[in-house]
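Here the structure is a predicted model, which means the values were calculated and not measured. A, B, ... follow the sequence lines: proteins, then strands. Residue 1 opens every chain.
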There are 2 protein chains.
Amino acid sequence: MTDDDDRVFKALADPTRRFLLDLLFTREGRTLTELESEVEMTRFGVAKHLKVLEEAGLVVVRRSGREKLHFLNPVPIRLIHDRWIDKYTERHVTALVDLKNALEDET
Amino acid sequence: MTDDDDRVFKALADPTRRFLLDLLFTREGRTLTELESEVEMTRFGVAKHLKVLEEAGLVVVRRSGREKLHFLNPVPIRLIHDRWIDKYTERHVTALVDLKNALEDET
DNA sequence: TTGACATGTGACCTAATGGTCACATAACTT
DNA sequence: AAGTTATGTGACCATTAGGTCACATGTCAA
């Protein structure tokens, strides 16, 4: 469990991997080749990053013939949230974040 | 803003730093010396970790004489959540996590 | 003001990480 | 069957990150 934690946080520590999650957040079920075209990096680098994300459970894959489809799994993200934000604090924090977003939209 | 992101995720990538956040989650306003006594590491290592957490905005400090009191700031954590979990998905995920916790409590 | 306490800085070493490449397997297409 | 497409593996190198230490500053208490 602690090792799982570690894999998740280590996986999130790299900007390229976070960008890959962003891509899957906007549209799921993408292949390696498709993701590769969005990133300034060789296929091998991207494959390595996807493997890290998969082993962390942040990305789930489904094979379809020779293609490998990638999906974002939000559960580990929610667990990070729950680790340091209890139900009571959550209300205050969300209010604060909403306020911050509202102010930024105005300008 | 992207640099801020990077600092937050890099800060969370280390197990010692996550443990320090856990300590501050249970009780805030701790000093360096106090936190040091909870960790198998020299004072210098802990100080370095706290600096990383502070620069990431995950920890906020208040000086009191020669002491430095540390507090957990949950806002960056919430922002991580909001980045990959939209309002619609949130309901499904929280239900899933609650179910998982319920099942684990039964055993 | 003298000594103990709390924290800060910069150098240094080792281990882990990100990225590329040569090579390899498996599956569609014609 | 042959060529093309999609992905997998292991070695390799440059860079970053975690941890310790010698040294230094600032604060409290007697």
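At dG19(C), one or more side-chain N or O atoms of H49(A) fall inside 4.0 Å of OP1 or OP2 (strictly under the cut-off).
With rounding to whole Å, K48(B) atom NZ is found 12 Å from dA11(C) atom P. Between R63(B) atom CZ and dA6(C) atom P there is a gap of 13 Å when expressed in whole angstrom units.
Running 5' to 3' along DNA chain D, contacts with non-hydrogen atoms of chain A at under 4.0 Å begin and end at dT5(D) to dA11(D).
Every residue two or more places apart in sequence or in another chain was checked for a ring-ring contact (aromatic ring centres under 6.0 Å, His included) with H70(A), and none qualifies. Residues forming a side chain to side chain contact (heavy atoms under 4.5 Å, CB included) with D86(B) (at least two apart in sequence, or on another chain): F25(A), Y88(B), T89(B). Under the salt bridge (Lys or Arg N to Asp or Glu O under 4.0 Å) criterion, R66(B) pairs with no residue at all, not counting sequence neighbours. Applying the salt bridge (Lys or Arg N to Asp or Glu O under 4.0 Å) criterion to R91(A), with sequence neighbours excluded, gives no partner residue. Residues that satisfy the salt bridge (Lys or Arg N to Asp or Glu O under 4.0 Å) test with D98(B), not counting sequence neighbours, are absent from this structure.
Within residues 35-42 of chain A, the residues approached by DNA chain C to less than 4.0 Å at the level of any non-hydrogen atom are M41(A), T42(A), in residue-number order. Applying a 4.0 Å cut-off to non-hydrogen atoms, none of the residues of residues 15-26 of chain A approaches DNA chain D. Using a 4.0 Å cut-off on heavy atoms, none of the residues of residues 51-62 of chain A approach DNA chain C.
Closest approach of A13(B) and D6(A) over heavy atoms only: O-OD1, 4.2 Å. For the pair R18(B) and L12(B), the tightest heavy-atom approach, listed with the atom from each and the gap, is NH1-O, 2.8 Å. Shortest non-hydrogen contact noted between P76(B) and A56(B) is CG-O, 4.4 Å.
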Legend entry - Under 4.0 Å protein heavy-atom contacts per nucleotide of nucleotides 23-28 of chain C, with B for base, S for backbone only and - for none: ----BS

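Residue pairs meeting the side chain to side chain donor-acceptor pair (under 3.5 Å) criterion with at least one partner in residues 35-54 of chain A, sequence neighbours excluded, are R17(A)-H49(A), E54(A)-K68(A).
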Legend entry - Check against side chain to side chain contact (heavy atoms under 4.5 Å, CB included), L72(B) and E28(B): CA-CA 7 Å; L72(B) 172 62; E28(B) 302 211 280; 3.4 Å; yes

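Of the possible donor and acceptor atoms, one in the side chain of N73(A) sits under 3.5 Å from a partner among the backbone N and O of G57(A). At distances below 3.5 Å, not a single donor-acceptor pair connects side-chain atoms of R78(A) with backbone N or O atoms of V97(B).
How far NZ of K10(B) is from CG of D3(B): 9.5 Å, rounded to the nearest 0.5 Å. Separation of atoms CG (L24(B)) and CD (E34(B)) is listed at 9.0 Å; rounding is to 0.5 Å. Taken from CG in L50(A) to CG in L21(A), the straight-line distance is 9.0 Å, to the nearest 0.5 Å. The CD1 atom of I77(B) sits 5.0 Å away from the CD1 atom of I80(B) when rounded to the nearest 0.5 Å. Rounding to the nearest 0.5 Å gives a distance of 6.5 Å between CG of L20(A) and CG of L53(A).
Comparing the start and finish of the helix from dT1(C)-dA30(D) to dT30(C)-dA1(D), five pairs each, the helix axis swings through 30°, to the nearest 10 degrees.
Ranked by how close their nearest DNA chain C nucleotide is to the 5' end, K10(A) and V46(A) are led by K10(A).
Cluster annotation: F9(B) is connected to F9(A) through the hydrophobic network of ILVMFWY side chains, with a link wherever side-chain heavy atoms come within less than 4.5 Å.
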